[in-house]
Number of protein chains: 2
Amino acid sequence: MVQQRLLDIAVEVFGQNGLEGASTRAIAKAAGTAMSSITYHYGGKEGLYLAAADYVARQIGDSDSQEVRDAAIASGDPARAREAIRQLVVRFIDRLQNEHSNGWALFIIREQMNPTEAFERIYAGPMGENSRALVELIRVATGVEDYRVARLAAITIFGQVLILKAARGTCHKVLGTETLGPDILADFTRRVTANIDAILDRMISERQEQA
Amino acid sequence: MVQQRLLDIAVEVFGQNGLEGASTRAIAKAAGTAMSSITYHYGGKEGLYLAAADYVARQIGDSDSQEVRDAAIASGDPARAREAIRQLVVRFIDRLQNEHSNGWALFIIREQMNPTEAFERIYAGPMGENSRALVELIRVATGVEDYRVARLAAITIFGQVLILKAARGTCHKVLGTETLGPDILADFTRRVTANIDAILDRMISERQEQA
DNA sequence: GTCTATACTACGATAGAC
DNA sequence: GTCTATCGTAGTATAGAC
């Protein structure tokens, strides 16, 4: 299907070059169609960009772990919540490792530099749900009720994972490797999950001190 | 001076729109000069881009804390190293809060998406020194000798700070605010420094368990 | 629906006046 | 050194054939 091919390639090219850096000619050619089909199907470059954003928003979804998360939140059990956080993060790292991730990951990061309506659409989907779920899981796991505290913690946890894509160059330089192989990524995952454990424990201590 | 104005604006515009998204016409106009002066002084758009990268590389420098770091590393004192890490991170957050930071911060993040020689130049300067210093400080603070462990920890620490700029849109959404005011940033700084303490403690435990 | 033609705009580079 | 004028190229959009 032409539209599907256009979307796949659009996410890739927009993610790599941005809205202005990408050319509709190149996208159409890579999709094996004429440039005017972009106008026909999406009304133009910006329409394709927004459609690509919607497509990305859908791709982020991860129905498997959603049930685990919701159940953990509903249970109110700190141990289950902590395990759900770990699972959420590990799955996210795995998906970032996937070859297809470069497209949508860069698309999202790039979009946040000059936010347009595309980001609103992306965040309106599973990405926003994941964020809110992470905050709730942190509250359950630590007993911290203050939303601001939980939200800030969620951001620092998310940042530890995101840097793999957002500052890939720095990661390569620091690690002294050209590529991030499976062994390094396994160590990285261990580091992040251990960090999360340490942070959650610290938050519990903070809460108890305050009381 | 024309060249200085050109560099300042180039960093801003390239950071916001990227190499291909930016137009030399717009940069020249904002700098109050003719477009051909870019050709004259820098040989063209790419020359200006590289010059802007060098300019960014210089701006990152922070001679004040450099001495503190080097002294802490040389001392071999875990407590001093830990304090130096905290100072390094706090200063970095402060500088990210600065209004001028949007230019160079986005410039660097964007450059890492499609790395060119510009990133090599930036990393060859204070940015690389800071990275290496952070790794060494972590080794001193925790007693961990394995470089890979220290490097991975450095990346996760850096990521917690970087997300403020790399995923600003998500931060705003999660926190439910349009801007990150000083009070939120103060809480954020407290969260990150507490996280670092917790992570370093955890690393020390890991080392002792392994022994 | 899809492609080819073409119109129109904006870009970067360059030449030349001063 | 700095500006104006101009060229060639590449971009998006659009009209019209099929």
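Chain A is the first sequence line, chain B the second, and so forth, proteins listed ahead of strands; every chain is numbered from 1. Only this structure's heavy atoms are used, side chains among them; waters, hydrogens and symmetry mates stay out.
To the nearest angstrom, P of dT2(C) lies 10 Å from OH of Y42(A). The CG-C1' distance, from N17(A) to dG11(D), rounds to 14 Å in whole Å. Atom OH in Y40(A) sits roughly 7 Å away from atom P in dT2(C) (whole-Å rounding). What separates CZ of R5(A) from C1' of dG1(C) is a distance of 14 Å, to the nearest Å. We find that CE of M35(A) is positioned 10 Å from P of dT14(D), with the value rounded to whole Å. Atom NZ of K45(A) is separated from atom C1' of dG11(D) by 8 Å (rounded to the nearest Å). The distance between atom CG of L6(A) and atom C1' of dG1(C), rounded to the nearest whole Å, is 13 Å. Following rounding to the nearest Å, I38(A) (CD1) and dG11(D) (P) show an atom-to-atom distance of 12 Å.
Nucleotide dA5(C) is shown with a syn base, its glycosidic torsion being within 90° of 0.
Aromatic pair F107(B)/Y49(B): ring centres closer than 6.0 Å. Between F158(A) and F92(A), the distance from one ring center to the other falls under 6.0 angstrom.
Stem list for DNA chain D (at least 3 consecutive Watson-Crick or G-U pairs, distances under 3.5 Å): C:1-4 with D:15-18, C:6-18 with D:1-13.
Between E83(A) and R86(A) a salt bridge is recorded (basic side-chain N to carboxylate O distance below 4.0 Å). A salt bridge links R191(B) with E206(A): the closest approach of a Lys/Arg side-chain nitrogen to an acidic carboxylate oxygen falls below 4.0 angstrom. Salt bridge R82(A)/D201(A): present, at least one basic N to carboxylate O contact under 4.0 Å.
Interatomic distance, OH of Y123(A) versus CD of E129(A), reported as 10.5 Å (0.5 Å rounding). Atom CG in L106(B) sits 6.0 Å away from atom CD in Q16(B) (nearest 0.5 Å).
Panel note: side chain S131(A), backbone M127(A); a donor-acceptor pair is recorded below 3.5 Å.
At a non-hydrogen distance threshold of 4.0 Å, A22(A), S23(A), T24(A), R25(A) from residues 20-34 of chain A come into contact with DNA chain D.
What you find for G15(B) and R110(B) is that their closest heavy atoms are O-NE, 3.0 Å.
A donor N or O paired with an acceptor N or O is found under 3.5 Å between the base of dT4(D) and the side-chain atoms of S36(B).
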